[in-house]
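Note that these values count all heavy atoms, side chains included, but never hydrogens, waters or copies made by symmetry.
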Amino acid sequence: SKDDSSKFQIQKAYIRNLHPNRSPADWEQQLYHHFALFGPIIDLKVLETCKFKAAKELYAFVTFKEEEALLEVLNSPHNLKRTKSPKKLI
């Protein structure tokens, strides 16, 4: 039924281009404090790719408890140094 499918909806945002000179733990703390202002966070992960040291990239996934929080994040400006705007993960 339609109601059953809604409980499987993911309220997850993808944040890319986090500045690599900061540690993933530092970014995780900053992102948590920033995005928690929009609503309860279920999960937040900062990951890095590192094929070569010069190509190191950091990115994050933030999962919100409520879709309203994600929509507010997507429709709000963010002032995090050296990041791109969050995108909804489909």
Side-chain angles (χ1 to χ4, degrees):
S1 75
K2 189 174 186 179
D3 291 325
D4 290 340
S5 65
S6 66
K7 64 183 167 186
F8 295 108
Q9 206 170 32
I10 296 174
Q11 280 42 271
K12 188 173 282 192
Y14 168 68
I15 298 97
R16 61 187 179 139
N17 294 342
L18 299 172
H19 197 283
N21 289 342
R22 294 181 64 189
S23 73
D26 286 345
W27 272 117
E28 191 169 312
Q29 184 177 16
Q30 181 181 353
L31 292 171
Y32 185 87
H33 288 295
H34 177 75
F35 288 115
L37 298 172
F38 295 91
I41 293 173
I42 295 172
D43 189 39
L44 190 152
K45 292 195 183 334
V46 176
L47 305 166
E48 63 182 299
T49 60
C50 190
K51 291 181 181 177
F52 304 100
K53 192 163 181 104
K56 179 177 161 183
E57 295 179 8
L58 294 175
Y59 56 97
F61 294 100
V62 182
T63 306
F64 293 92
K65 183 176 180 181
E66 301 161 352
E67 184 178 18
E68 292 79 19
L70 175 62
L71 294 175
E72 190 174 342
V73 164
L74 296 174
N75 291 312
S76 300
H78 300 281
N79 189 15
L80 297 168
K81 294 182 185 207
R82 302 284 308 265
T83 66
K84 297 282 185 180
S85 295
K87 304 288 183 202
K88 183 172 183 178
L89 185 65
I90 297 173

Please enumerate all residues that pass salt bridge (Lys or Arg N to Asp or Glu O under 4.0 Å) together with Glu72, with sequence neighbours excluded.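 Per chain and number, Glu72 pairs via salt bridge (Lys or Arg N to Asp or Glu O under 4.0 Å) with no residue.
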Backbone of His19 reached by a side-chain donor or acceptor of Trp27 within 3.5 Å: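 Confirmed, Trp27 side chain pairs with His19 backbone.
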State, to 0.1 Å, how close Ala69 and Gly39 come at their nearest heavy-atom pair, and which atoms those are.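 Shortest heavy-atom contact: CB-CA, 4.0 Å.
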Please name the pair of heavy atoms, one in Leu58 and one in Pro24, separated by the smallest distance, quoted to 0.1 Å.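 The answer is CD2-CG, 4.0 Å.
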Report yes if the side chains of Val73 and Val62 come closer than 4.5 Å at any heavy-atom pair, otherwise no.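 No - every pair of side-chain heavy atoms lies 4.5 Å or more apart.
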Could you state the interatomic distance from [atom1] ([X]) to [atom2] ([Y]), rounded to the nearest 0.5 Å?
X	Y	atom1	atom2	answer
Leu70	Phe35	CG	CZ	10.0 Å
His33	Glu28	NE2	CD	10.5 Å
Asp43	Gln11	CG	CD	13.0 Å
Asn21	Asp26	CG	CG	11.5 Å
Leu44	Gln30	CG	CD	11.0 Å

Please say yes or no: joined through hydrophobic side-chain contacts below 4.5 Å, possibly via intermediate residues, are Leu71 and Ile42 part of one cluster?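 Not linked; separate clusters.
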Once ring-ring contact (aromatic ring centres under 6.0 Å, His included) is applied, do any residues pair with Tyr59, and if so which ones, sequence neighbours excluded?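 Residues passing ring-ring contact (aromatic ring centres under 6.0 Å, His included) with Tyr59: Phe61.
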